[in-house]
Amino acid sequence: MILYHHEHADGSGPFGKTWNEVPLFARIIHMCDLLDVNCRTKTFTSGTWEKAKNSLQQTKETIIDRECAAAFFAAFSEEHFLSLGSENLEANLWAKVPRIKQDLNFSQIKALANFFAQIVDYKSPFTSTHSMGVAADAEKLARYIGFDEETAQKMYLAGALHDIGKVAIGNEILEKPGKLTDEEFKTMKHHAAYTYYILSEIDDFEEIRDWAAFHHERLDGTGYPFGKTAAQLNTQERIMACVDIYQALTESRPYKKGMPHEKACPYIVSDGHRKAVHSCGAEGWIYRMASGTNGNIGCNETIFTDGNIVIIYQH
């Protein structure tokens, strides 16, 4: 159903399937997607209704099949269609389709987390492995530092889901082949809050939600979405922030080439990042999983090395 929701009625879509070879629900999704693109507006008016009707008439039997188009006109009057622009739309939808909560075991939750991570990552070709990389490194760091197995597994889930809020960010921003404008970056920053609110809907997910959603918070209070300070951020939340920075530095983007590990680690512990991400003092312990040797960088910070990540641990 999801795979074929961009197939055209006449077979000119990406898989070359005609309408009678495509599941009905995929065809319905395709029609609604087309209407959303062609009729997107802040307010629904009679003009919106006319645009929707014209859009279906013009694409019937080429993009949209005649069966779905006929069903649309049978189901919607102008009044019903315009009700989609109501401020109460979401409440009305949930009244018709109530939320059903289901208990899942850990393996099922992990499978779902991986599924959503891949959806988020593939919204942009430039971040196609980001969430899975953060998940793997967060789990590895948690285990390396000494957390129990349950916490390490929860860190994996938080890493996989940390960017789930990006499903609410437009592709024109996620796929922009260059640096974002100030206004675009302001919009992009909302994704961390969206992550928080999406994961808040899951029972008993409070820890994982916070570890995931606070990955852009900084110890000096300059982060987002909530401007939390060092006193409000626990070790797991700091791990996620550092792992996210490391992944972003080492991954290539349209406007930059990914840093090698040897350059990314010193960059993270540089003066510019230390005040935001790390504590520089007797309590600041940085774990660098790199070459398998130990060393000191001053300021009472100790580096442990045997993998591929930099992290702060409040001892």
Side-chain angles (χ1 to χ4, degrees), residues 1-100 112 115-128 163-177 183-184 187-188 190-191 194 198 201 254:
M1 182 169 67
I2 295 174
L3 181 64
Y4 296 134
H5 80 278
H6 278 301
E7 290 303 285
H8 294 169
D10 62 3
S12 61
F15 292 97
K17 293 185 176 293
T18 57
W19 71 274
N20 56 336
E21 299 176 284
V22 176
L24 173 61
F25 286 174
R27 288 150 47 201
I28 292 174
I29 292 171
H30 185 35
M31 177 177 66
C32 295
D33 186 43
L34 177 129
L35 288 172
D36 179 62
V37 171
N38 290 346
C39 305
R40 186 174 297 172
T41 178
K42 291 183 178 180
T43 57
F44 276 45
T45 66
S46 294
T48 312
W49 169 244
E50 291 300 320
K51 185 182 291 186
K53 290 195 299 182
N54 291 337
S55 179
L56 288 182
Q57 293 291 0
Q58 292 169 7
T59 58
K60 187 170 62 176
E61 298 193 28
T62 54
I63 297 177
I64 304 302
D65 66 272
R66 61 179 179 273
E67 187 176 87
C68 281
F72 175 86
F73 289 119
F76 283 95
S77 63
E78 179 176 352
E79 180 182 4
H80 188 187
F81 181 81
L82 296 182
S83 73
L84 298 177
S86 167
E87 293 181 356
N88 299 320
L89 175 62
E90 185 174 354
N92 293 338
L93 286 175
W94 285 124
K96 293 179 180 294
V97 186
R99 304 183 189 199
I100 299 174
L112 278 175
F115 174 71
F116 283 111
Q118 291 176 55
I119 288 176
V120 171
D121 286 351
Y122 281 97
K123 274 178 72 72
S124 170
F126 313 123
T127 59
S128 60
D163 272 345
I164 194 171
K166 285 185 177 178
V167 297
I169 305 298
N171 282 5
E172 69 277 5
I173 291 179
L174 294 177
E175 296 185 0
K176 183 177 179 180
E183 192 62 31
E184 289 169 337
T187 299
M188 174 66 90
H190 293 325
H191 81 273
Y194 292 142
I198 289 171
E201 295 296 317

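Along the sequence shown, residues carry numbers from 1.
- Note that Lys17 lies in the cation-pi zone of Tyr4, set by a 6.0 Å cut-off to the ring centre and a 45° limit from the axis.
- Side-chain atoms of Asp65 come within 3.5 Å of backbone N or O of Cys68 as a donor-acceptor pair.
- One distance of note links CZ of Phe76 with CG of Leu56; it measures 10.5 Å at 0.5 Å rounding.
- Ile2 CD1: 12 or fewer foreign heavy atoms inside a 6.0 Å radius.
- From Ile28, atom CD1 reaches atom CD of Glu67 across 9.0 Å, with rounding to the nearest 0.5 Å.
- Of all heavy-atom pairs between Arg27 and Trp19, the closest is CD-O, 3.3 Å.
- Salt-bridge check for Glu78 with Lys53: failed, with every basic side-chain N at 4.0 Å or more from each acidic carboxylate O.
- Annotation: side chain of Val22 is not in contact with side chain of Phe15 (no heavy-atom distance under 4.5 Å).
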task: Would you sort out whether Leu89 and Leu84 count as a side-chain contact (heavy atoms from CB on, under 4.5 Å), showing the intermediate values?
output: CA-CA 6 Å; Leu89 175 62; Leu84 298 177; 4.1 Å; yes
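- Interatomic distance, CZ of Arg66 versus NZ of Lys60, reported as 9.5 Å (0.5 Å rounding).
- Here CD1 of Ile119 is found 15.0 Å from NZ of Lys166. Values are rounded to the nearest 0.5 Å.
- The nearest pair of heavy atoms linking Leu82 to Thr45 is CD2-O, 3.1 Å.
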message: Please evaluate residues Tyr194 and Ile164 with respect to the criterion side-chain contact (heavy atoms from CB on, under 4.5 Å), reporting the C-alpha separation (whole Å), side-chain torsions for both, the decisive distance (0.1 Å), and the verdict.
response: CA-CA 8 Å; Tyr194 292 142; Ile164 194 171; over 6 Å; no
query: Under the side-chain contact (heavy atoms from CB on, under 4.5 Å) criterion, do Glu175 and Asn171 qualify, and how do the steps go?
result: CA-CA 5 Å; Glu175 296 185 0; Asn171 282 5; 3.8 Å; yes
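- Rounded to the nearest 0.5 angstrom, Ser83 OG and Asn92 CG are separated by 7.5 Å.
- Listed here is the closest heavy atom pair of His191 and Met188: ND1-O, 2.7 Å.
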Pair up each side-chain donor or acceptor in residues 29-40 with any protein partner under 3.5 Å, not counting sequence neighbours, and list the distances.
{"from": "His30", "atom 1": "ND1", "to": "His5", "atom 2": "O", "distance (Å)": "3.1"}
{"from": "His30", "atom 1": "NE2", "to": "Glu7", "atom 2": "O", "distance (Å)": "3.2"}
{"from": "Asp36", "atom 1": "OD2", "to": "Arg40", "atom 2": "NH2", "distance (Å)": "2.7"}
{"from": "Asn38", "atom 1": "ND2", "to": "Ser55", "atom 2": "OG", "distance (Å)": "2.8"}

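- Here the shortest heavy-atom pairing between Ile198 and Val167 reads CD1-CG2, 4.2 Å.
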field: side-chain contact (heavy atoms from CB on, under 4.5 Å) evaluation trace for Trp49 with His80
entry: CA-CA 10 Å; Trp49 169 244; His80 188 187; over 6 Å; no
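- In this structure, Phe81 and Ala52 approach most closely via the heavy-atom pair CZ-CB, 3.7 Å.
- Counting heavy-atom neighbours within 6.0 Å of Phe115 CZ, excluding the residue itself, gives a total of 12 or less.
- No side-chain N or O of Thr187 forms a donor-acceptor pair with one of Glu184 less than 3.5 Å apart.
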